[in-house]
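Please read the structure below before turning to the comments.
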Number of protein chains: 2
Amino acid sequence: MNAKISDKVINRLTLYHCILQEFLARGEEFISSKQIAKLLHIDDSQVRKDISVLNNSGKCRVGYIVKELKSCIEKTLGFKKQKNACIIGAGNLGSALAKYDSFANYGLNIVALVDTDKKKISGMVNGKRIYDLSDFTRVVAEHGIDIAILTVPKEFTQSTADIVVDAGVKYIWNFAPVVLNVPDDVQVWNENLVGNFLQFTYSI
Amino acid sequence: MNAKISDKVINRLTLYHCILQEFLARGEEFISSKQIAKLLHIDDSQVRKDISVLNNSGKCRVGYIVKELKSCIEKTLGFKKQKNACIIGAGNLGSALAKYDSFANYGLNIVALVDTDKKKISGMVNGKRIYDLSDFTRVVAEHGIDIAILTVPKEFTQSTADIVVDAGVKYIWNFAPVVLNVPDDVQVWNENLVGNFLQFTYSI
């Protein structure tokens, strides 16, 4: 892995990866930077620049070799490096994420969910068990949880984050529109949907 | 509005806005760049730089005036400019987004959902009606839909996008891990969860 790849490039590389999967499924052997650029409405020089960070050898006269470029992105972005996650909050969003099977292809194994609702506890979502939030520390130990995915209602997000921190989990992927107060050794990624929406609609 | 504000700054400003709401709810009158920076684990010079794009006048000796800074972010990012959206796909993710009441505070009015499942059609999610996808063009006209939010399964995403384009909607917020093929005058924001996850976990 090359630690210098910027967030924007990582984001685009995963989109190229989606396109490559599509091309592979259709039996296409080659792809050009122009084809990728057209689908994403970006400049093809940007595509070539992004791909140049990959040490991709699968370049030929007619473009990139789909299979090799795809595997090259997977290697560079560490898709093979498995991380175990637990979803906290088995509501609509938590269930949607638990059903999102694509995550596994990118190294994110959602192994369990937790909730406080007695009616949900012991149930399953997409083959993953829902545990009692009060058993979270045990779930972390037994399943080797690296990442907690927070999908609880806004008002419970900080108290739930405190439980996550106490259980020793160092990475929190937070879907609530709340900025969490956590110790310096815990990393939070705010899946800031409102921010994303505003980036998109700013010009409307 | 200042069209030159970058995506990263917009994203951070919405996080500052979350913090300001929290401070306001607790009855705090002032906030310093250091307090904001500490919560987000970033540098306070970054916070001051971001806020400097706002033409914020609510600066005083003890920091920013919470109420004025909050309203300044709202004005700059156009929270008052209402946009109407329709969610396509009333599954777990679509339902979760329909229940996400915070969106309305940021100018995103989710006014309806559409689906193809006869069991769901005519039902309600959080006070919003689920219509038949085949009535989408009528829904767009009647509700003045600006944005289509795509939360359909991966394999139906492109065909659904085609229906959205035919109905004349120019903005698509796509939650599926699929790169859509749309005309140049249609803007797509890929809510690339996998890309976001990899940005976050790249260093784990």
Side-chain angles (χ1 to χ4, degrees), chain A residues 1 3 5 7-8 10-19 22 39-41 77-79 81 83 91-97 99-100 102-103 105-108 146-147 151 154 171 173 177-182 184 187-204, chain B residues 1 3 5 7-8 10-19 22 39-41 77-79 81 83 91-97 99-100 102-103 105-108 146-147 151 154 171 173 177-182 184 187-204:
Chain A
M1 288 217 295
I5 303 182
D7 286 355
K8 288 215 167 188
I10 292 176
N11 202 298
R12 280 195 299 269
L13 286 173
T14 56
L15 294 175
Y16 304 167
H17 189 264
C18 282
I19 295 172
E22 198 67 29
L39 281 166
L40 291 168
H41 300 256
L77 296 185
F79 291 6
K81 234 173 113 195
K83 296 123 199 162
N92 282 122
L93 181 58
S95 300
L97 295 174
K99 290 177 183 170
Y100 200 82
S102 303
F103 279 145
N105 301 331
Y106 300 91
L108 177 62
D146 305 300
I147 301 165
T151 61
K154 198 174 157 176
Y171 297 89
W173 194 5
V178 173
V179 173
L180 300 172
N181 199 345
V182 298
D184 281 342
Q187 281 190 47
V188 177
W189 174 274
N190 289 300
E191 192 60 51
N192 181 6
L193 289 178
V194 161
N196 295 351
F197 162 69
L198 287 166
Q199 285 170 34
F200 173 45
T201 60
Y202 186 54
S203 59
I204 299 185
Chain B
M1 287 216 297
I5 302 182
D7 286 356
K8 288 214 166 188
I10 292 176
N11 203 298
R12 280 195 299 269
L13 287 172
T14 57
L15 294 175
Y16 304 167
H17 189 264
C18 282
I19 295 171
E22 198 67 28
L39 281 166
L40 291 169
H41 300 255
L77 298 184
F79 291 6
K81 234 174 112 194
K83 296 123 198 161
N92 282 120
L93 181 57
S95 300
L97 295 174
K99 290 177 183 171
Y100 200 82
S102 303
F103 280 145
N105 301 332
Y106 299 91
L108 177 62
D146 306 299
I147 301 165
T151 62
K154 198 174 157 176
Y171 297 89
W173 194 5
V178 173
V179 173
L180 300 172
N181 200 346
V182 298
D184 281 342
Q187 281 190 46
V188 177
W189 175 274
N190 289 299
E191 191 61 50
N192 182 7
L193 289 178
V194 162
N196 296 350
F197 161 70
L198 288 165
Q199 285 169 34
F200 174 44
T201 59
Y202 187 55
S203 60
I204 298 186

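Throughout, a chain's letter reflects where its sequence line sits, starting with A, and its residues are numbered from 1. All values derive from a computational prediction rather than experimental measurement.
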TODO: For the residue pair Y171(B) and F200(A), categorise the inter-ring angle as parallel (less than 30°), tilted (30 to 60°) or perpendicular (more than 60°).
DONE: perpendicular
Task: Which of N192(A), T14(A), L39(A) touches chain B most, by non-hydrogen pairs under 4.5 Å - done: N192(A)
Open item on the list: What's the separation between atom NE2 in H41(B) and atom CD in Q187(A), rounded to the nearest 0.5 Å?
Closed with: 9.5 Å
Open item on the list: Restricting to non-hydrogen atoms, name the atom on I10(A) and the atom on G195(B) that form the minimum distance, rounded to 0.1 Å.
Closed with: CG2-O, 4.1 Å
TODO: Mind listing the closest non-hydrogen atom pair of V179(B) and C18(A) along with its distance?
DONE: CG2-CB, 4.1 Å
Task: Side chain, backbone, both or neither of F79(A) within contact of chain B (heavy atoms, under 4.5 Å) - done: side chain
Task: Name of the residue among Y106(A), W189(A), W173(A) meeting ring pair (Phe, Tyr, Trp, His ring centres under 6.0 Å) with F197(B) - done: W173(A)
TODO: Measure across L93(A) and L93(B) and return the closest heavy-atom pair with its distance rounded to 0.1 Å.
DONE: CD1-CD1, 3.8 Å
TODO: Report the C-alpha separation of N196(A) and E191(B) in whole Å, then their side-chain angles, then the decisive distance to 0.1 Å, and conclude whether the side-chain contact (heavy atoms from CB on, under 4.5 Å) test is met.
DONE: CA-CA 8 Å; N196(A) 295 351; E191(B) 191 61 50; 2.6 Å; yes
TODO: Find the one option among P177(A), S95(A), S102(A) whose heavy-atom pairs under 4.5 Å with chain B are most numerous.
DONE: P177(A)
Open item on the list: Let's go through T201(B) and L108(A) carefully: what are the C-alpha distance in whole Å and the side-chain angles of both, what is the deciding distance for side-chain contact (heavy atoms from CB on, under 4.5 Å) to 0.1 Å, and is it a yes or a no?
Closed with: CA-CA 9 Å; T201(B) 59; L108(A) 177 62; over 6 Å; no
Open item on the list: Shorter than 4.5 Å, heavy atoms on both sides: which option in N190(B), V182(B), D7(B) has the most such pairs with chain A?
Closed with: D7(B)
- [ ] Could you have a look at D184(A), T151(A), L13(A), L40(A) and say which one has the most heavy-atom pairs with chain B under 4.5 angstrom?
- [x] D184(A)
TODO: Determine, step by step, whether L97(A) and N92(B) satisfy the side-chain contact (heavy atoms from CB on, under 4.5 Å) criterion, reporting the C-alpha distance in whole Å, the side-chain angles of both residues, the deciding distance to 0.1 Å, and the verdict.
DONE: CA-CA 9 Å; L97(A) 295 174; N92(B) 282 120; over 6 Å; no
Task: Interface moiety of L180(A) toward chain B, non-hydrogen atoms closer than 4.5 Å - done: backbone
